[in-house]
Each structure stands twice: as structure tokens, then as C-alpha cells.
Amino acid sequence: MGVYEKFNYPNVTLEVAKEMGLNEDEFNKAIEILGRKPNYIELGIFAAMWSEHCSYKSSRVHLKKFPTDAPWVVQGPGENAGIIEIDGDICACFKVESHNHPSYIEPYQGAATGVGGILRDVFTMGARPIACMDGLRFGDITKDEKSRYIFEGVVSGIAGYGNCFGVPTVGGETFFHPTFAKNPLVNALALGLVKKDKIFKAKAEGVGNPVIYVGAKTGRDGIHGATMASEEFGSDSESKRPNVQIGDPFKEKLLLEACLELMKNDFVVGIQDMGAAGLTSSSFEMASKSGSGVELYLDKVPCREKGMTPYEIMLSESQERMLLVAKKGYEDKVLEIFAKWDLDAEIIGRVTDDGFVKLYWEGELVAELPAKPLGDEAPVYDRPYKEPAYYKELKHNDFAFVNLNLDKTFEMMLTNPNISSKKWIYEQYDHMVRTNTVVLPGSDASVLRIKGSKKGIVLSMDCNSRYCYLDPYKGGQIAVIEAARNVAMAGGRPLAISDCLNFGNPEKPDVMWQFVKAVEGMSFACEKLNTPVVSGNVSFYNETDGKGIYPTPTVVMVGVLDDVEKRLESFFQQEGSIIYLLGE
Amino acid sequence: MMKAGVVVFPGSNCDHDCYHVLKHVCGFDTSFIWHKETDVSNYDLIVLPGGFSFGDYLRCGAIASKSPVMDAVYNYAEKGGLLLGICNGFQVLTEAGLLPGALLKNRSLKFICKFVYLRVENNFTPFTNLYSIGEIIKIPIAHMEGNYYIDEEGLNELKENSQIVFKYCDEYGEISKESNPNGSIENIAGIINKRGNVLGMMPHPERAAESILGSKDGLYLFKSAIDYIKEG
Amino acid sequence: MPKVRVQVKLKDTVLDPQGQTVLGSLNKLGYEFVNDVRVGKIIELDVENIDNLDQKIVEVCEKLLVNPIVEEYSYEIIED
Amino acid sequence: MPKVRVQVKLKDTVLDPQGQTVLGSLNKLGYEFVNDVRVGKIIELDVENIDNLDQKIVEVCEKLLVNPIVEEYSYEIIED
Ligand SMILES: Nc1ncnc2c1ncn2[C@@H]1O[C@H](COP(=O)(O)OP(=O)(O)O)[C@@H](O)[C@H]1O
């Protein structure tokens with residue numbers, strides 16, 4: 001009996017494709033690429049690879065507007081994280097990513113796995129993470145119980161993961177507004193240090209080289225919900241429903257140390273973390289970037305749960321896993337290093353040169369897909385956009401303050417959670433571990449020293465969602481400029497940004513307009529400041545009950561301070577100092 | 001040259017920080033000691049660093065206290081070797097029975113990372129001889145389980161033998177409920193064993209050993225140990 | 001006064017990193033007879049003898065004590 | 001394969017901040033019928049059917065699962 005009968009996979013039809021999230025055009029395109037109808041497993045792979053999250057199909061045309069070059073840029077967008085030069089061959093590798101939807105479903109785990117994911121993005125490139133930041137948006141916690149619950153859960157999730165992993169969370173941003181009540185935002189940044197000649201990429205080269213799976217075992221975590229039509233899996237479907245992803249920061253710490261130890265050797269060809277769409281996106285990305293192919297023997301994948309099917313294994317989003325390609329003949333050495341760190345490592349495939357990803361199950365070929373076309377020919381949409389009505393109305397609004405009672409206003413401001421101290425948050429984060437944090441959270445920007453260098457790294461995360469709603473173009477500009485200003489005020493020279501673009505449903509012209517304008521505003525500011533975009537992430541569909549969030553393009557500016565002893569904090573330092581007011 | 005060792009459990013994450021201070025700030029010949037090693041006889045000072053040794057699953061420090069290296073560390077301490085447990089290292093020491101008492105969850109149930117003030121209660125130890133008694137020092141804490149507990153009998157014994165080394169206080173040295181960050185019994189932040197060679201403390205002296213980090217108060221703890229070792 | 005003992009467990013399909021780590025440690029210490037470990041919580045409530053106790057307990061569990069996304073629970077009432 | 005269910009509780013003399021916090025929240029939510037809360041752990045072991053199972057369980061508890069300074073435990077074996 002073949003796999004398809006054994007697991008009772010349904011026949012592929014347009015209906016099944018739609019359930020998985022593909023539309024008719026996309027389904028036809030898949031057929032065109034293959035020259036035949038995909039089977040069930042293949043269809044699942046198309047759906048995952050062509051999801052908004054993996055393919056950036058609605059944002060790609062606009063993201064091209066970002067400036068991405070400068071002499072200090074070592075790696076721009078396109079890899080797991082961006083890299084810039086800081087001091088000679090010492091480089092900073094960083095990226096922001098969102099974990100909004102999972103954090104609404106399960107605040108603690110959603111936020112925790114968000115931190116875990118972004119850390120893996122950074123250390124797969126060979127960088128040791130030295131700092132995290134978090135940008136958070138919640139509903140009104142003074143009135144709304146649920147928002148308060150989410151807020152507390154998210155903060156302890158970030159703390160739980162980052163503290164245990166051993167990376168300091170050195171700053172961030174928090175904003176409360178009812179627009180985020182049902183769509184909280186959790187944006188996490190990780191930044192690591194890497195030597196320029198020690199950067200690793202997601203490559204699968206060298207015919208016959210082993211493909212090795214490392215890290216945690218695979219479970220049914222986070223398999224795309226829409227694809228799980230219950231009947232197909234028989235009577236115990238209840239237990240097979242997708243699970244919330246659970247983070248294990250301790251395992252991730254082991255994975256970090258093992259990977260960094262491994263990368264000191266020259267028998268690693270390429271490495272890629274298994275993030276969204278797990279084994280699917282990692283294997284296809286590695287093969288397509290190298291113009292090679294891979295064969296995977298899915299029954300070899302270490303599984304946590306019994307009876308997992310090839311489909312589930314390909315689409316699981318279990319955490320703390322990596323895929324790597326090693327040089328042939330060094331398999332034992334790789335396995336030895338992972339054994340030292342008590343981690344699973346298994347040879348699950350090999351590199352080929354035919355441009356195909358071929359999946360086997362107990363010797364049977366169960367899927368065969370061309371690697372490159374799945375990525376390169378992914379659908380791209382130039383979605384219609386249009387200036388929303390609210391924008392015109394607001395333009396004519398007069399925002400003048402009337403009848404202002406200064407005492408009351410002052411009191412109101414001080415008790416507003418948006419203005420009050422964020423100590424409650426950042427004291428739950430270990431912001432000092434690794435003893436590099438030399439301007440602690442509480443200041444406008446955080447500063448990290450680099451042991452063995454005179455220079456410092458300056459970080460600031462900013463975005464004003466309200467401004468972005470009122471005028472996304474200016475709001476986008478302001479986010480970049482505010483972050484740059486904060487970096488400058490700590491004594492740093494702004495160098496580059498990573499961004500996380502959080503918006504509503506891109507199929508709505510109003511939302512798309514906000515997106516386009518914000519990207520244009522940010523691009524303009526980045527060009528003027530000569531701070532290119534080196535990495536980032538887009539999160540669409542932050543909508544509930546048809547209501548989208550205020551547009552929130554979070555910006556993290558990274559800068560360098562030539563002499564870390566000259567860092568500045570943003571508070572009065574001494575009695576008797578003279579206070580100046582600069583600007584208009 | 002004086003030799004220092006930093007024990008590395010898989011989830012230790014202050015190991016590099018301790019290494020940095022011991023080696024680059026204090027000039028020890030310093031090495032890491034992997035938790036599977038079984039010989040630690042060759043050191044003048046051993047540090048059990050902070051972190052989450054085995055994810056802090058089950059109880060902080062519990063699994064680490066059963067790892068192979070701890071038998072060797074136990075013998076080392078029995079022979080009078082200087083042993084310092086910081087944060088998770090303190091938890092490991094209590095779990096291993098090298099120090100009395102236990103560390104429970106913070107009263108707030110939350111992780112707390114911030115600078116606190118400590119009052120030196122006993123400067124007659126190898127780790128505190130450069131402080132004066134009653135001195136107020138500023139050192140950060142970063143923990144979820146730092147709430148020191150011991151039963152009454154044990155507490156009396158600690159007092160009788162002057163085993164309480166540090167207490168949480170405010171900047172004026174006041175020891176009160178307000179200056180107690182985690183609910184620790186009698187504001188205890190660090191204790192030493194009866195023999196006087198094993199110190200456990202929740203605050204992180206290695207995070208306060210260079211002026212760039214905002215305090216150098218922790219440095220004198222390591223310097224005290226150096227003086228003590230030199231004097232033999 | 002009755003006591004209520006609520007047992008809260010992670011659902012079977014949800015990863016239990018704590019249990020796995022404890023299992024690894026036990027096996028390394030030579031206790032090979034242990035094949036799997038799952039760690040849960042037990043919450044003991046001292047309650048008053050109210051009429052609709054069962055209903056109230058369920059309410060309290062679902063509202064506060066249990067996270068239904070990842071956990072499941074059972075309870076027993078122990079009369080005193 | 002038998003299952004062993006180990007219950008670990010803080011000793012009565014040890015303050016349980018977690019229980020106190022739960023109690024506080026419950027009372028704040030209006031569940032005044034709850035007078036006290038203690039939170040413990042439940043550790044479930046899947047074990048092999050060895051001869052001296054009881055003895056081994058006690059060993060495992062005292063060596064690793066329980067810290068006798070602050071905790072006490074009980075266990076039951078559930079045959080399958
Ligand atoms: N979610 C967070 N995580 C860590 N630090 C935070 C977070 N939110 C705010 N902070 C820190 O609190 C301080 C004040 O933040 P914020 O009120 O946003 O500052 P401002 O309004 O001056 O930009 C900053 O140092 C910032 O890094």
C-alpha cells in the first residue's frame with residue numbers, strides 16, 4: 001500500500017487547494033509549473049511556500065523601494081538577517097520579526113517562540129546573539145481585562161525565553177491603544193556579532209553531501225490550521241489538531257552552542273533554521289539558492305509524536321530545529337558535536353544536482369517538486385490601493401486643544417501607561433547578562449560595548465502607530481527619524497535599519513494604501529539619512545472582525561559609537577548642570 | 001599564576017561573564033570546566049556561574065547538582081578549596097547540600113533584573129576581606145528564584161556562626177521589607193558555609209566589576225579572594 | 001471544610017520540555033526504567049461548603065487556573 | 001506499562017507565594033468561597049514493570065524529584 005492510501009490523503013481538487021489557502025489562479029499556476037496536478041503533499045508545500053508569510057506576495061513590489069546599499073552593508077535583505085560592518089571585520093547581524101497572531105492565541109508561548117525564532121535567524125548566520133529588543137502593542141490595559149492578560153503573558157514569555165537563553169533584552173517599545181485589543185503586536189529583534197569571514201548562509205551545495213536535521217524532535221505543532229480538514233485523518237482527529245508551538249529556550253541555548261562550535265570547523269556547507277513552514281521552506285530555500293536539489297527521507301526525521309505523516313512532517317513548525325548540509329565524510333564529526341550537547345541529529349537526505357526537491361517515505365517517492373520555480377515563480381501581487389476616506393476627513397480636522405486644564409492634563413499624562421515608566425516590563429528581562437549593556441533600558445537608546453573593541457553599538461526601536469494612522473507617509477518617516485535621533489542622542493552614528501511592517505488586510509485598498517505610503521515615507525527618510533534597510537519582516541492580516549490595526553511599521557536603528565566611553569544617557573546627570581533647548 | 005575555573009553546565013549563561021572578569025579584569029589563569037569533567041583538583045578558585053543550568057526545569061539547580069562534575073566539586077570544597085556560587089550557582093550549591101537552605105520563587109513570582117544594595121554582614125571571609133563590615137555595596141540581581149528559605153533552627157545556626165554574608169538593604173543600609181526584592185528570609189542575599197570556603201549569593205558581582213558597567217563594587221569580592229589565596 | 005484538588009496537565013500532544021529534561025537526567029543517572037515523564041500542576045483549594053460547588057470549581061478552573069489552549073484538567077472534592 | 005504519579009508539595013511550614021497569588025486573584029474575581037490555595041507539582045512517570053519498583057521510585061524521588069528541605073511527596077502506582 002502506498003503512502004497516499006495508507007494515510008488516506010484526499011484527491012487534489014480546487015476545493016482542497018482553497019482550503020489550504022490557495023486561490024484558483026495560484027492552483028492553476030502550480031499545475032502549470034509541474035505540468036501536472038500536484039498530489040496532496042505537494043499541494044500543501046505550494047500552499048505553505050506561497051502563503052503571504054513565506055512569499056511576501058503582496059509586499060514584494062513595494063519593498064523594492066527601500067534603499068539597501070551602503071559601504072558598510074555586508075548583507076542586505078534576502079538572507080535570514082542583515083549584516084553591517086561595525087569595527088573592521090567585526091559585524092553586527094540583526095533582524096526584527098513579528099509574532100503577532102500566535103501571541104494573541106497564547107500570549108506566553110506566542111511571544112516566547114517569537115524570540116526563539118528571531119534568535120535562530122541570527123545564529124544560523126554564524127553570529128552569537130548579544131542583544132534582543134521587543135516592540136509591543138496592546139489594547140487599553142487600564143480598562144480591558146483581556147488586554148491586560150495578553151500584556152502580562154507576552155512580557156513573561158519574552159522574559160522566560162530570553163533570560164533562559166542568556167541574551168539581554170536591552171530595550172524596546174510599548175504602546176497601548178484599543179486598536180490593538182484583538183490584534184496585539186509582538187515584534188522581536190535579535191542582534192548578534194559575527195566576523196566577516198565567518199558568515200554562514202543557507203546553501204545546499206556539493207552533490208552527495210549529507211543533509212542533516214538537528215535540534216528538537218518534530219511534533220504536530222503549528223501545522224497550518226486551514227489544511228486540517230478533520231475527516232481525512234480518521235476518528236482521532238481531535239488529538240491531531242494543530243498545536244500551539246511550545247518554546248524550549250534551554251534546547252535553543254544548546255542548539256546555539258552546538259551550532260557555533262560546529263561552525264568553527266570548515267565542514268559545514270550551509271545551514272538554515274526551520275522557521276515558518278518548517279522543513280518545507282528550509283529545504284526549498286537551501287536548494288533554490290544554490291541551484292541544486294535535495295532528496296529527503298522523511299521517515300528518518302526524528303518525531304516526537306507517534307504516527308506522524310509525511311505531510312505533517314513537512315509542514316510542522318516545531319521549534320528549535322535546524323537543517324544543515326555538511327561535507328561528505330564528516331557526518332560523524334557533526335553528529336559528535338550535537339551528541340556532546342545532548343541534541344538529536346540525524347542524516348535525513350543528500351544534495352543532488354537536478355534542481356528538484358524529492359521526498360521519500362520508506363523508499364517510496366511521495367513528492368517531487370522543482371526547487372527554484374516554487375520560490376522564483378511565486379505569485380506577486382500589485383494590489384490596488386486607494387486613499388481612504390478617513391484620511392481626507394482627518395486632514396480637515398482641527399486638532400487645537402481647547403479648555404486645557406494644565407493640572408489635570410499633567411496628571412492624566414503621568415498616569416497614562418503610554419507615558420509612565422516601563423520598568424515593570426524591562427525589570428522582568430535580564431538586560432545585563434553578557435555584561436555588555438552600558439546604557440541600560442530606561443534611556444532613549446541602549447548602548448552595548450564590544451569586548452575587545454573601543455566601539456559601541458547603539459540601538460533604538462521606534463514607531464508611533466497613531467502618527468502612522470494619521471499620515472502613513474509622514475508616520476513612516478518619523479519612525480525612522482525618531483530612531484535615528486535616539487541613536488544620535490546616545491552619541492552614535494546611525495548606520496542601518498531593520499523593520500517590521502505590521503498592517504491590516506492587504507486585500508483592502510485602504511490598508512494597502514497605508515502600507516505603500518509608509519514604505520515610501522520610510523524609504524525617503526532612510527535615503528536622506530543614508531541608513532539602508534538590511535532586513536525586515538511584513539505582517540499583514542492584523543485584523544479582527546473586519547477591523548484592522550493602526551499601521552505600525554516598527555523601525556530598529558542600529559548605529560555605531562566610535563568611543564564607547566563617550567556614550568550618553570538621556571537623563572540629567574548632575575545637580576547644577578545647565579539645560580539647553582535645541583531646535584524650534 | 002593563580003588558577004580559576006568556571007563550571008559550565010549546558011544552560012549556564014553567565015559563564016563567559018565570570019570568565020571575563022576572572023581572566024581579563026583580575027588576571028587569573030582561567031579555564032572553563034565542562035559539567036561532565038571529573039577532576040577539578042587543580043584550581044585556587046572555582047566559580048559556579050549564573051544561568052539556567054538545565055533550563056531550570058524541575059527546580060533551579062537540581063539537575064545540575066547531580067552532574068558528574070559536582071562530585072569533584074564536592075571533594076574540592078571538602079578539602080577547603082574556594083568555591084563561589086553566583087545566582088544559579090548558589091541554587092546548585094544548596095541543591096548539592098554544600099550550603100543550607102533553599103531558594104524559592106520570588107515573592108512577586110516574576111523575574112527581577114535590577115541594581116540593588118547589599119550590606120556586608122561579615123567581612124571575615126575569603127571573599128569579603130576587602131569590604132568593611134556594614135559597608136553598602138551596589139550590585140545587580142537577575143533571578144526568578146532568589147527567595148532564600150531556611151527553617152528556624154537553620155537560621156539560628158547561620159546567625160550563631162556568622163554565616164550570613166550579605167543582606168539586601170536600601171542605599172542608606174536600611175534593611176526592611178521594602179528593600180527586600182524577593183521575599184528572602186531576613187533579607188538574606190548571600191551565605192557562607194561553616195568552614196568559610198563556600199560562598200553562595202544571588203547578586204552578580206561579575207556584573208559590577210568594571211566602572212563602565214555602572215559599579216565596581218563587585219570587583220572587591222574577587223580581589224578579596226586573590227588576597228586570601230596569596231596569603232595562603 | 002472541603003478541599004478541592006485540581007490536577008492540571010499539559011495536553012498529550014503539547015511538548016513538555018520540562019518533562020523531557022527530567023527524563024534525560026533520570027536516564028543519565030542510571031534510572032533506565034523510566035520511559036517518559038510529564039510534569040503537571042496540582043492546585044489545592046480550601047473551600048467553603050457552598051451549594052453549587054462543582055459548578056463554581058469548573059468556573060474557577062476555566063477562568064483562571066487552567067489555560068485550555070495547552071492544558072487539560074480534572075478535579076476531585078475531598079470532604080473533610 | 002505502569003504509570004507512577006508523584007505529587008510534590010511545599011511543606012506546610014513553607015510559604016507558597018504562588019498559592020497566595022492565585023488566592024488573591026480568585027478573591028479579587030469574587031470567588032470568596034476559596035479560603036486557601038497551595039500549588040504543587042505532579043510528576044507522571046511511564047515506567048517499566050521492574051521488580052523493586054517501589055524502592056526505585058523512592059530513590060528517584062529522594063535523589064532528584066523532591067527537595068526534602070522544602071518539599072514533601074507522595075506517590076501512587078497506576079497499573080495499566
Ligand atoms: N517592551 C519593552 N521592552 C524593553 N524595554 C522597553 C520596552 N518598552 C519600553 N522600554 C524601554 O523603556 C524606556 C522608555 O520607553 P518609551 O516610554 O517607549 O520611551 P520614549 O517614549 O522616550 O521613546 C526605553 O528605554 C525603552 O527601551
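Chain identifiers are assigned alphabetically (A, B, ...) following the order of the sequence lines, protein sequences preceding nucleic acid strands; residue numbering begins at 1 within each chain.
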Report summary line: Honestly, the part of D/L26 sitting under 4.5 Å from a heavy atom of chain C is both
Query - Proximity breakdown for D/L23 and chain C, heavy-atom pairs closer than 4.5 Å - result: neither
Requested in this report: Tell me, yes or no, whether the heavy-atom count around D/N52 atom CG, taken from other residues, nucleotides or ligands under 6.0 Å, exceeds 12.
Outcome: yes
Query raised in the report: Most heavy-atom pairs under 4.5 angstrom with chain C, which of D/V37, D/V39, D/D36?
Result: D/D36
Report summary line: Residue from D/Q18, D/Q7, D/K63 scoring the most non-hydrogen pairs under 4.5 Å with chain C is D/Q7
Report task. Scan C/D46, C/L53, C/L45 and name whichever one has a side-chain contact (heavy atoms from CB on, under 4.5 Å) with D/F33. Result -> C/L53
Query raised in the report: Should D/E32 and C/E48 count as side-chain neighbours, where that means a heavy-atom distance under 4.5 Å?
Result: no
Query raised in the report: Side chains of D/K41 and C/I42: does their closest heavy-atom pair fall under 4.5 Å?
Result: no
Query raised in the report: What option among C/L64, C/L65, C/V6 has the most heavy-atom pairs under 4.5 Å with chain D?
Result: C/L64
Report task. Sort C/E44 into side chain, backbone, both or neither according to what part of it lies under 4.5 angstrom from a heavy atom of chain D. Result -> both
Query raised in the report: For C/I50, is it the side chain, the backbone, both, or neither that has a heavy atom closer than 4.5 Å to a heavy atom of chain D?
Result: side chain
